[in-house]
Visitor: 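Questions regarding the structure given below will be posed in turn.
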There are 2 protein chains.
Amino acid sequence: MDDQEPGLGLVHLLRGLTVELDLLGAEFAALHHLHPTDLRALIHLLDADRAGITVTPGRLGAQLGINSASATALIDRLERRDLIHRVRDTGDRRRVLLEVEEHAVTLGWSFFGPLISRMVSAAGSYDAAELAVVRRFLVEMGEAVAAERQRMAPSSGTRGGGRRTQAPGGAPAAAGEDGGG
Amino acid sequence: MDDQEPGLGLVHLLRGLTVELDLLGAEFAALHHLHPTDLRALIHLLDADRAGITVTPGRLGAQLGINSASATALIDRLERRDLIHRVRDTGDRRRVLLEVEEHAVTLGWSFFGPLISRMVSAAGSYDAAELAVVRRFLVEMGEAVAAERQRMAPSSGTRGGGRRTQAPGGAPAAAGEDGGG
DNA sequence: GTTATTGTCTCGATGAACGAGAGTCTTGTC
DNA sequence: GACAAGACTCTCGTTCATCGAGACAATAAC
């Protein structure tokens, strides 16, 4: 299966990598008695926190592809573990804002910290031009995936438009950029 | 902000990419009334099929990080949809071999085909040296994740040694999930 | 033969996610 | 101000994937 197509091997490598990352996440979650969804939610909340974006239950549920009832239950779980807390929005009193606790930041770092260290250290052996190539590749792969998602669920963004796991809509859950702190 | 550490931005890009891929998988699964686990199992089975490796329920469950009861239920679901079928191993009659149906291959291609096309086409604009750089990067990232998983759950892999169904451990035994390939 | 091990499946329980809809608040129109 | 429509969150009852424990069958070791 190697390579009539030079890019094909890379695609498979990339897929294998995402599988590994998923498993790492699942193991970490199990280790801390969290469900994979809880960990994904936490990561999203931490990303948003660092980026200065406020997250609401509805928005979180949309990002995770779960419905509002599940989002409520999810937030209940996280709140019960003191990872986040709810705050009623004073501007629009229908809304609830989700704020992460220090504890959650610590937990997040215990997950990503060591991994990021390893990765950054591995990335250290590349020169600027090489890093630029890798960056371009990752960006283009991201665009390919986004385009494919768009094609598959074109109704994205319209609120009741699609089926159950309605495409959360545009923004990639974890904007890659937000500084790693 | 990404600039104190050149590699950090790449790490976040990579993470964002994996999130996108996960979401794509979830959407595809929902579209076909499959659970995410079912899709992951299917991918693993298709990979194994192409590689000429026979998969058993136990092996599949280990790869997916679920226990034997869940693996049985998962296989029941896939079989009920005519995506796979069970065959008793004639050599070791305790074992059951899982064989994928044509239908499953078609379904798998309807998921990965368009995505791979996009990616391969995007990868076409790189020269050999650049592809080599990207490949090296992906391999090293994979190694970093694997190393981190090893650190987190060192007992993984040995069957009797680590208590695989342990509560907190949850999915430890999973040696290397959905084989990429 | 007997015992230990491996591989799969069954059973009942747990809980995450779902659909439907109620309650609360905001916005737009009169 | 009052009223209708819509947005946001939460509650309720149900469904189903996963779990732990263990039954059953076949193999391996003695």
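Labels below follow one simple rule: chain letters A, B, ... track the order of the sequence lines, proteins then strands, and each chain is numbered from 1.
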Visitor: Do A/Ile53 and A/Val100 belong together in a cluster built from hydrophobic side chains that touch within less than 4.5 Å?
Guide: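 No, A/Ile53 and A/Val100 fall in different hydrophobic clusters.
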Visitor: Grab the NE2-C1' distance between A/His33 and C/dA16 for me, whole Å please.
Guide: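 The answer, rounded to whole Å, is 17 Å.
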Visitor: Examine distances only and state if a side-chain atom of A/Glu130 and a backbone atom of A/Asp127 form a donor-acceptor pair shorter than 3.5 Å.
Guide: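 Here the side-chain-to-backbone pair exists.
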Visitor: Are any of A/Asn67's side-chain N or O atoms less than 4.0 Å away from OP1 or OP2 of C/dC18?
Guide: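 Yes, because at least one side-chain N or O of A/Asn67 sits under 4.0 Å from OP1 or OP2 of C/dC18.
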Visitor: Rounded to whole Å, please give me the gap between CG in A/Leu60 and C1' in C/dA17.
Guide: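 Whole-Å distance recorded here is 14 Å.
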Visitor: Atom CG of A/Asp76 to atom P of C/dA16: distance rounded to whole Å?
Guide: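 Atom CG in A/Asp76 sits about 11 Å away from atom P in C/dA16.
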Visitor: Measure CZ/A/Arg95 against P/D/dA7 and give the value in whole Å, please.
Guide: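 Going from CZ in A/Arg95 over to P in D/dA7 covers 13 Å.
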Visitor: Are A/Arg86 and A/Asp76 within salt-bridge range, i.e. N to O under 4.0 Å?
Guide: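 A salt bridge links A/Arg86 with A/Asp76.
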Visitor: Between B/Ser70 and A/Ala71, which residue's closest nucleotide on DNA chain D lies nearer the 5′ terminus?
Guide: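 With A/Ala71 and B/Ser70 compared, the 5'-side residue is A/Ala71.
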Visitor: Side chains of A/Thr72 and A/Pro57: does their closest heavy-atom pair fall under 4.5 Å?
Guide: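 A side-chain contact under 4.5 Å is absent here.
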Visitor: Does a side-chain N or O of A/Thr37 approach OP1 or OP2 of C/dA17 to a distance below 4.0 Å, or not?
Guide: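 Checking C/dA17 against A/Thr37, a side-chain N or O does come within under 4.0 Å of OP1 or OP2.
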Visitor: What's the CD1-P distance between A/Ile75 and D/dC10, to the nearest Å?
Guide: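 Rounded to whole Å, this separation is 6 Å.
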Visitor: Whether the side chain of B/Arg94 and the base of C/dT6 hold a donor-acceptor pair under 3.5 Å is what I'd like checked.
Guide: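 Result: at least one qualifying N/O pair found.
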Visitor: Do B/Glu79 and B/His85 have side-chain atoms, one donor and one acceptor, less than 3.5 Å apart?
Guide: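 Side chains of B/Glu79 and B/His85: no pair found under 3.5 Å.
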Visitor: Could you tell me whether B/Ala69 contacts a base, only the sugar-phosphate backbone, or nothing, with contacts defined as non-hydrogen atoms closer than 4.0 Å?
Guide: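 It contacts base atoms.
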Visitor: Can a side chain N or O of A/Ser68 be found less than 4.0 Å away from OP1 or OP2 on D/dC10?
Guide: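 Checking A/Ser68 against D/dC10: no side-chain N or O falls below 4.0 Å of OP1 or OP2.
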Visitor: So how far off straight is the helix from C/dG1-D/dC30 to C/dC30-D/dG1, going by the axes through five pairs at either end, to 10°?
Guide: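 Comparing the first five pairs with the last five, the axes sit 20° apart.
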Visitor: Are A/Val120 and B/Val139 linked, directly or through intermediate hydrophobic residues, by side-chain heavy-atom contacts shorter than 4.5 Å (ILVMFWY only)?
Guide: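 Yes, one cluster joins them.
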Visitor: Could you give the CG-to-P distance, from B/Leu74 to D/dC19, as a whole number of Å?
Guide: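 Checked: the CG to P distance equals 11 Å.
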Visitor: Can any side-chain N or O of B/Tyr126 pair as donor or acceptor with the backbone N or O of A/Phe137 at less than 3.5 Å?
Guide: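 A pair under 3.5 Å: yes.
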Visitor: So, the side chain of B/Arg118 versus the backbone of A/Val145: is there a donor-acceptor pair under 3.5 Å, distance only?
Guide: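 No: the side chain of B/Arg118 does not pair with the backbone of A/Val145.
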Visitor: A quick test of your reading: do over 12 heavy atoms of other residues, nucleotides or ligands sit less than 6.0 Å from CZ of A/Arg136?
Guide: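 Counting other residues, nucleotides and ligands, CZ of A/Arg136 exceeds 12 neighbours.
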Visitor: For residues 77-93 of chain A, which residues have at least one heavy atom under 4.0 Å from DNA chain C?
Guide: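 The stretch gives A/Arg77, A/Gly91, A/Asp92, A/Arg93 as the residues lying under 4.0 Å from the strand, ordered by number.
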Visitor: Whole Å only: how far is the CD1 atom of B/Ile66 from the P atom of C/dC9?
Guide: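 It is 12 Å, rounded to the nearest whole Å.
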Visitor: Measure from CZ on B/Arg40 to P on D/dT18 and round the result to the nearest Å.
Guide: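 Interatomic distance, CZ of B/Arg40 to P of D/dT18: 9 Å.
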